[in-house]
Amino acid sequence: MDKFVVNGQNKLSGTVQISGAKNAVLPIMTATLLTSGKSVLHNVPHLNDIKMMAYLLRVIGAKVDMEADTMSIDSTHCSYFEAPYELVSKMRASIYVLGPLLARFGQAKVSFPGGCAIGTRPVDLHLDAMRKLGAEIDIEHGYILAKSKKLVGTTIEFPKVSVGATANVLMAAVLAKGTTILKNAAKEPEIGSLIEFLNLMGAKIKGKDTSVLEITGVSQLQPAEMKMIPDRIETGTFMIAAAITGSEIKITHTIPKLVASLTNKLELAGVKIEQQHDSLHVLPNKKIIAVNISTQPYPGFPTDLQAQFMALMCLAEGTSKIEENIFPDRFMHVAELKRLDADIQVTKNLAIIQGVPELSGAPVMATDLRASAALVLAGLAAKGETVISRIYHIDRGYEKIEEKLQALGADIKRVKG
Ligand code: EPZ
């Protein structure tokens, strides 16, 4: 397995270009199953999760081609309506095929995703909503067996905000008979871009970027073409890379307002950030002030930036509190950060970080996608060498992260394992 070897305390400088958003591309890829014909997606990043989703769509019968950052998907000849355990267990987003397969073919067999490093990851909200739309859902031998003659629109109120359930139910409701109202829907930008894509396909969805969505079912859809939005989590990760090394960098091909919650917290921590239309300029900071965060659904502070922000707070002046409200177990990175001499205490879903003057490099292990990013950031700031193993986690969600950091002046290299 590959490793990253990082020698810390280099200043960064220059410009980094943000790639397309993994979590926007994944549901849009499955949305193409809703119609025959060829859809085209631009600004698609080269990530393992995207490759795995392409593989799943091919298993189902779609034709998927990638040329540079353009992906084409032709779902005319789909004939196998199953997402097998081997795939779903590796990538939870495979569950996104459930809604489209049910809506277009009236049947789907999808393995239960199982747990992962950040928690049990249930799908009850997905299944309850599909039942409310009239689907028959049975569970057999670890598989979800779903079938329906015709989904029928209804009103669904989610008991808690769920990005995945909102996406899945949107894709089921667009071909349902009648109108569906989704209440307490996720407002993440990736849901907004899915709505845009579905409406380009001929769907009738109102309420984008609000928590109440109205979907008027249509009889059929057609393929669409769209440019994917930039990755706000990659954007935030590079903003923190600048802050943790006291550097000045420019971050382009992004949308500043999508990281407003992080920008506010970084400014409270003493980091100056200038915003332009599609770029951010992080200015060098003298010191980092301890700041508290509490993760929330969008537009609150994103759980996907919690580990990265914690790495920064390890070097802050003072004590900070990080409350993880989305995935209460999402603290696998704490033990690894403590190996770098961080001072962190965890009680349930609250981490208390006492800032230290310096981190010192050590061998550490990545446990999940965003925890690995936090370890890279801590390694950039630590004195000496940090070796990060199991970096296949990071390859799932960051396109060429070591090349982008090298171009900014970081001393990081990938060692083939
Ligand atoms: C999406 O996961 C993202 N993944 C996650 O990003 C992100 O952390 C998460 O949303 C929150 O923003 C993709 O978009 C592929 P949820 P998802 O359903 O949809 C509970 C990354 O790093 N829940 O919004 O799985 C759930 O356990 C990944 O790119 C239920 O209880 O998240 C959690 O506590 C990690 N029942 C909360 O809701 C359900 O049926 C929010 O989860 C579904 C979820």
Side-chain angles (χ1 to χ4, degrees), residues 19-31 45 47-50 52-53 56 88 90-99 110 112-132 137 139 144 156 158-171 182 184-194 211 228-229 231-237 258 261-262 295-308 323-333 349 366-374 393-399 401:
S19 303
K22 165 177 86 83
N23 292 349
V25 174
L26 293 171
I28 287 175
M29 286 176 74
T30 57
L47 299 171
N48 289 349
D49 270 14
I50 302 250
M52 256 197 279
M53 184 61 87
L56 173 55
V88 180
K90 293 191 183 69
M91 184 184 58
R92 169 182 170 72
S94 309
I95 189 82
Y96 284 156
V97 301
L98 177 63
V110 180
F112 256 105
C116 71
I118 62 176
T120 52
R121 310 298 294 276
V123 290
D124 55 314
L125 300 179
H126 299 241
L127 303 185
D128 294 349
M130 297 300 169
R131 288 190 179 99
K132 288 191 179 118
I137 305 275
I139 312 292
I144 301 159
I156 296 167
F158 288 117
K160 64 160 71 166
V161 173
S162 162
V163 173
T166 301
N168 229 339
V169 180
L170 265 173
M171 292 188 279
L182 291 189
N184 203 20
K187 297 188 282 189
E188 272 66 7
E190 295 74 26
I191 293 294
S193 79
L194 173 62
S211 56
M228 299 297 107
I229 60 171
D231 193 314
R232 61 192 169 98
I233 305 304
E234 185 191 22
T235 302
T237 303
L258 300 188
S261 56
L262 172 66
T295 64
Q296 298 297 340
Y298 192 87
F301 193 95
T303 175
D304 290 351
L305 284 172
Q306 177 258 105
Q308 298 93 313
E323 191 182 49
E324 173 54 65
N325 298 304
I326 309 295
F327 296 107
D329 303 334
R330 197 174 197 169
F331 283 137
M332 299 284 283
H333 42 286
N349 69 325
T367 51
D368 64 273
L369 168 53
R370 306 305 174 181
S372 349
H393 288 291
I394 209 161
D395 291 331
R396 298 186 51 168
Y398 288 91
E399 187 174 41
I401 190 166

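First listed ligand is number 1; within each ligand, the first listed atom is number 1. Because only heavy atoms are used, hydrogens play no part in the values below, and waters and symmetry mates are left out as well, while side chains stay in.
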Between atom [atom1] of [X] and atom [atom2] of [Y], what is the distance when rounded to the nearest 0.5 Å?
| X | Y | atom1 | atom2 | value |
| --- | --- | --- | --- | --- |
| Arg330 | Asn349 | CZ | CG | 13.5 Å |
| Leu182 | Ile156 | CG | CD1 | 5.5 Å |
| Asp304 | Leu369 | CG | CG | 7.5 Å |
| Arg370 | Ile394 | CZ | CD1 | 9.0 Å |

Would you mind telling me if ligand 1 is within reach of the side chain of [X], the backbone, both or neither, using heavy atoms under 4.0 Å?
| X | answer |
| --- | --- |
| Tyr96 | side chain |
| Leu125 | both |
| Lys160 | side chain |
| Leu369 | side chain |
| Arg330 | side chain |
| His126 | both |

**Polar proximity ligand 1 side, Asp124 side, N/O cut 3.5 Å exclusive** =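 Yes, since at least one N or O of Asp124 sits under 3.5 Å from an N or O of ligand 1.
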**Flag, side chain of Ser19 to backbone of Pro45, donor-acceptor distance under 3.5 Å** =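 It does not hold such a pair.
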**Message:** Using only atom types and a distance under 3.5 Å, with no angle test, would you say the side chain of Asp49 pairs donor to acceptor with the backbone of Met91?
**Reply:**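 No, Asp49 side chain to Met91 backbone: no donor-acceptor pair under 3.5 Å.
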**Message:** Could you check whether any side-chain heavy atom of Ile28 comes within less than 4.5 Å of a side-chain heavy atom of Met228, counting everything from C-beta outward?
**Reply:**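 Yes. Closest side-chain heavy atoms under 4.5 Å.
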**Message:** Any carboxylate oxygen within less than 4.0 angstrom of a Lys/Arg side-chain nitrogen, looking at Asp124 and Arg131?
**Reply:**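 Between Arg131 and Asp124 there is no salt bridge, as every charged N stays at least 4.0 Å from the carboxylate O atoms.
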**Prompt:** Do the charged groups of Glu234 and Lys22 touch, with an N to O distance under 4.0 Å?
**Reply:**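 A salt bridge is absent here (no side-chain N lies under 4.0 Å from a carboxylate O).
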**Request:** Would you check whether Tyr298 reaches within less than 4.0 Å of ligand 1, judged by its heavy atoms?
**Result:**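 Outside the 4.0 Å threshold, so no.
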**Request:** Could you tell me if any non-hydrogen atom of Lys22 lies under 4.0 Å from any atom of ligand 1?
**Result:**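 Yes, Lys22 has heavy atoms under 4.0 Å from ligand 1.
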**Message:** Please determine whether side chain to side chain contact (heavy atoms under 4.5 Å, CB included) holds for the pair Leu170 and Ile191, giving the CA-CA distance in whole Å, both sets of side-chain angles, and the decisive distance to 0.1 Å.
**Reply:** CA-CA 9 Å; Leu170 265 173; Ile191 293 294; 4.1 Å; yes
**Message:** Among Ala93, Pro122, Pro159, Gly300, which one puts a heavy atom closest to atom 43 (C) of ligand 1?
**Reply:**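 Among Ala93, Pro122, Pro159, Gly300, the closest heavy atom to atom 43 (C) of ligand 1 belongs to Pro122.
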**Item:** Option of least heavy-atom distance to atom 10 (O) of ligand 1 (set: Val163, Thr303, Leu127, Asp128)
**Value:**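 Minimum heavy-atom distance to atom 10 (O) of ligand 1 goes to Val163.
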Using a strict 4.0 Å cut-off to heavy atoms of [X], name the atoms of ligand 1 that fall inside it.
| X | answer |
| --- | --- |
| Arg370 | 21 (C), 22 (O), 29 (O) |
| Gly164 | 18 (O), 19 (O) |
| Val123 | 39 (C), 40 (O) |
| Ile326 | 33 (C), 34 (O), 37 (C), 41 (C) |

